[in-house]
Amino acid sequence: MATPKVLCVPLLSLLALLAAYWYRQIDDNALQSRLDSVLSSLLRAEQKVGLDSHRPPRIAIGFGGCLDIIVDGVALLNEAGIEPTYNPIHHNYIETEAQLAESFAYFFPPGAASERYVSNETLFRKLVDTSKSLTEMRWALGGNAPVMANRLATEGCDVLLGGRLSPEEISVLSERITVAGEPINDPDIHLIMEYPTGAKWGNHMSRRANRYIVHSDSHNPMVDSLEDFKSQLESFSPDLLVIGGLQMMDSFPFKSGQRESRLKAMQELLLSTNPKIASHFEMASFVEQSLMKDLLEYIIPYSDSLGMNEQELPNLLSLIKGGNITVLSDPYPRVASILDQMRELYQLLRSQEHKEGQRYLTRLHVHTLAFQAMMVTKDSMWKNTMSATAKASLTANRHVCGSSQIDTRKAKLIMDDSFSVSRETGSQRIPFKESRPVSCWEEDNYEICLAPVLVCTEVFQTAGGGDNISAAGLVLQI
């Protein structure tokens, strides 16, 4: 008579497993439905505004370009025999294998994007040669300006690109792009050391997918397409002028006064541009304080718009406030923190004494892993902020997943169900709504729009993410 009791225990266990599976399926289905709803709502917001097919936007963008070698960063270090170090150190530039290991160990665990100049040509050549032996190595068009140019052309714009490019680089550019700059046969090479979330290097583990970039450029730091670009600018008649790629000047061994001379030439370009033509400066990973200060003198005061990520925002803000830069910041910042920093940067730049020819900042776009945030001055030249923020959000997934079609089975939301608009006590909280995921509101003399990102969970690439996102966000606003 004991047999039924013996059978009862495994039967109950089986029922419990089936119940757990059933509830998990319900949760998974609800999550999938939520992601699908967010995607369809973002697509509707993006599609509310279209481009004028009779007169597409005309955008001039400089400077530079390169060939990217994209590899798994950990695999490259292992293959090159560069051992993990547990002494993470920030270096402005890289001279030795030990410094490379220390610098990689500094940025890899938090998953923070970084870019460094390698002054040792022998070391850089070794890394490039080693990368070519990796089975999953691939080549791609690189450089802020060409990557942004291709995105702008993909979105339907006509583009003038300032850069000295090789035939290989030119061959992968859109037909909508005109290149201003003498061609070269020896393009600069950037080594893109990608890694996914949870990647391990020794005892180090990355908190998020990102990349560590090294280069040893000779053409890009000199901005040697500037004069050709300037000579074609007036006849091209752009609606928008975009400046980027200036981080290639960071830690480069210029002769005395050489860098300042090139930046002054760029300043003259901005001063000579019709004020009715909007100007945008795309920030990047800068570590040399003197270069950042030069940008605050020669470039930023002549820009209507700035684009940057969650690392570059506190870096620029810290320099303006205290004269120092912050090399590493929180890779997962809260919405309230980013919005407060954006307000502070906006007010600081607009309150500075303006000289003749300088412009007031009227647009600020910050792109993070979890969300896109745009701040636009009311009644300024920038339009369609809500749709532009949605497009930037969608582009983040499209680029990182490597597909124009977004698959919500390969996406997740990491933004909270509601967010505070400021860290100040008593600040308004805005709930996240799947049916209206882009939140917009007005403050002072500006409007803020914020959209969640459908974060790609099957990463194809992270390099070029910021360039694609910023470019897509600009398309609908000019």
Side-chain angles (χ1 to χ4, degrees), residues 57 59-70 112-115 139-157 159-163 165 169 172-174 176-177 179 188 190-192 194 209-213 215 217 220 223 225 240-250 279-286 299 303 305-313 363-369 372 374 388-389 391-402 404 453 456 459-478:
I59 300 178
I61 180 168
F63 291 97
C66 64
L67 286 175
D68 282 349
I69 300 180
I70 304 170
S114 183
E115 187 167 359
W139 293 85
L141 176 69
N144 301 80
V147 171
M148 292 185 78
N150 255 354
R151 170 56 64 179
L152 292 165
T154 298
E155 300 294 344
C157 302
V159 183
L160 176 68
L161 169 62
L165 307 179
E169 293 170 291
V172 295
L173 289 175
S174 165
R176 304 189 75 120
I177 298 173
V179 178
D188 290 330
H190 290 192
L191 194 50
I192 316 297
E194 298 258 9
N210 224 318
R211 71 276 184 190
Y212 181 92
I213 303 174
H215 70 92
D217 286 5
N220 288 323
V223 198
S225 62
L240 171 67
L241 171 62
V242 179
I243 303 294
L246 301 191
Q247 75 275 18
M248 295 300 100
M249 292 181 157
D250 206 299
S279 64
H280 172 85
F281 176 55
E282 189 65 23
M283 288 285 293
S285 177
F286 293 99
I299 306 298
S303 304
S305 168
L306 298 176
M308 62 197 71
N309 66 20
E310 78 286 342
Q311 299 289 317
E312 296 148 11
L313 172 61
R363 180 182 181 274
L364 185 55
H365 177 192
V366 176
H367 40 89
T368 79
L369 180 68
Q372 303 291 318
M374 288 193 187
T389 309
K391 177 178 275 293
S393 171
L394 292 165
T395 303
N397 180 286
R398 289 166 179 154
H399 176 77
V400 176
C401 275
S404 60
V453 171
C456 178
V459 175
F460 175 69
Q461 60 195 349
T462 64
D467 297 327
N468 276 270
I469 293 165
S470 274
L474 284 163
V475 167
L476 298 181
Q477 293 213 266
I478 54 177

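FYI, side chains are in, hydrogens and waters are out, and symmetry mates aren't considered; it's all heavy atoms of this structure. Values in this document were obtained by computation on a predicted structure and should not be read as measured data.
Between Asp188 and Gly65 the shortest heavy-atom distance is CB-O, 4.3 Å. For the residue pair Ser305 and Arg363, the shortest heavy atom distance occurs at OG-NH1, 2.9 Å. Contact record, Ser225 with Gly162: OG-C, 3.2 Å, taken as the closest heavy-atom pair. Counting all heavy atoms, side chain and backbone alike, Gly473 lies closest to Ala392 at CA-CB, 4.4 Å. Here the shortest heavy-atom pairing between Asn144 and Gly245 reads OD1-CA, 3.4 Å. The two residues Ile70 and Ala140 come nearest to each other via the heavy atoms CD1-CB, 3.8 Å.
Annotation: the span from Leu474 atom CG to Ile61 atom CD1 amounts to 8.5 Å, rounded to 0.5 Å. Rounding to the nearest 0.5 Å places CD of Glu282 at 9.5 Å from CD of Gln247. Note that CD of Gln461 and CD of Glu194 are 7.0 Å apart. Values are rounded to the nearest 0.5 Å. Here the OG atom belonging to Ser285 is positioned 7.5 Å from the CG atom belonging to Asp250, to the nearest 0.5 angstrom. Considering CD1 of Ile299 and CE of Met283, their distance stands at 11.5 Å, rounded to 0.5 Å. Summarising the geometry, atom CG belonging to Leu67 is positioned 7.5 Å from atom CG belonging to Leu141; distances are rounded to the nearest 0.5 Å.
At least one side-chain heavy atom of His190 sits less than 4.5 Å from a side-chain heavy atom of Met248. Between Leu173 and Leu165, the closest side-chain pair of non-hydrogen atoms falls below 4.5 Å. Side-chain contact between His280 and His365 is absent, with no heavy-atom pair separated by less than 4.5 Å. The shortest distance between side-chain heavy atoms of Phe63 and Asn220 does not fall below 4.5 Å. Proximity of Val159 to Arg176: side-chain heavy atoms (C-beta onward) are nowhere separated by under 4.5 Å. Contact check for Val475 versus Cys157: side-chain heavy atoms found under the 4.5 Å cut-off. Residues Met308 and Leu364 form a side-chain contact, since some pair of their non-hydrogen atoms from C-beta on lies under 4.5 Å apart. For the pair Cys401 and Phe460, the minimum side-chain heavy-atom distance is 4.5 Å or more.
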- [ ] Mind running side chain to side chain contact (heavy atoms under 4.5 Å, CB included) on Asp68 and Trp139 for me, showing each step along the way?
- [x] CA-CA 6 Å; Asp68 282 349; Trp139 293 85; over 6 Å; no

- [ ] With side chain to side chain contact (heavy atoms under 4.5 Å, CB included) as the test, would you mind laying out the steps for Asn150 and Ile177 before giving the verdict?
- [x] CA-CA 8 Å; Asn150 255 354; Ile177 298 173; 3.3 Å; yes

Open item on the list: Quick one, Ile469 with His399, criterion side chain to side chain contact (heavy atoms under 4.5 Å, CB included). Give me CA distance, side-chain angles, the key distance, then yes/no.
Closed with: CA-CA 8 Å; Ile469 293 165; His399 176 77; 6.0 Å; no

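A donor-acceptor contact shorter than 3.5 Å links the side chain of Glu312 to the backbone of Asn309.
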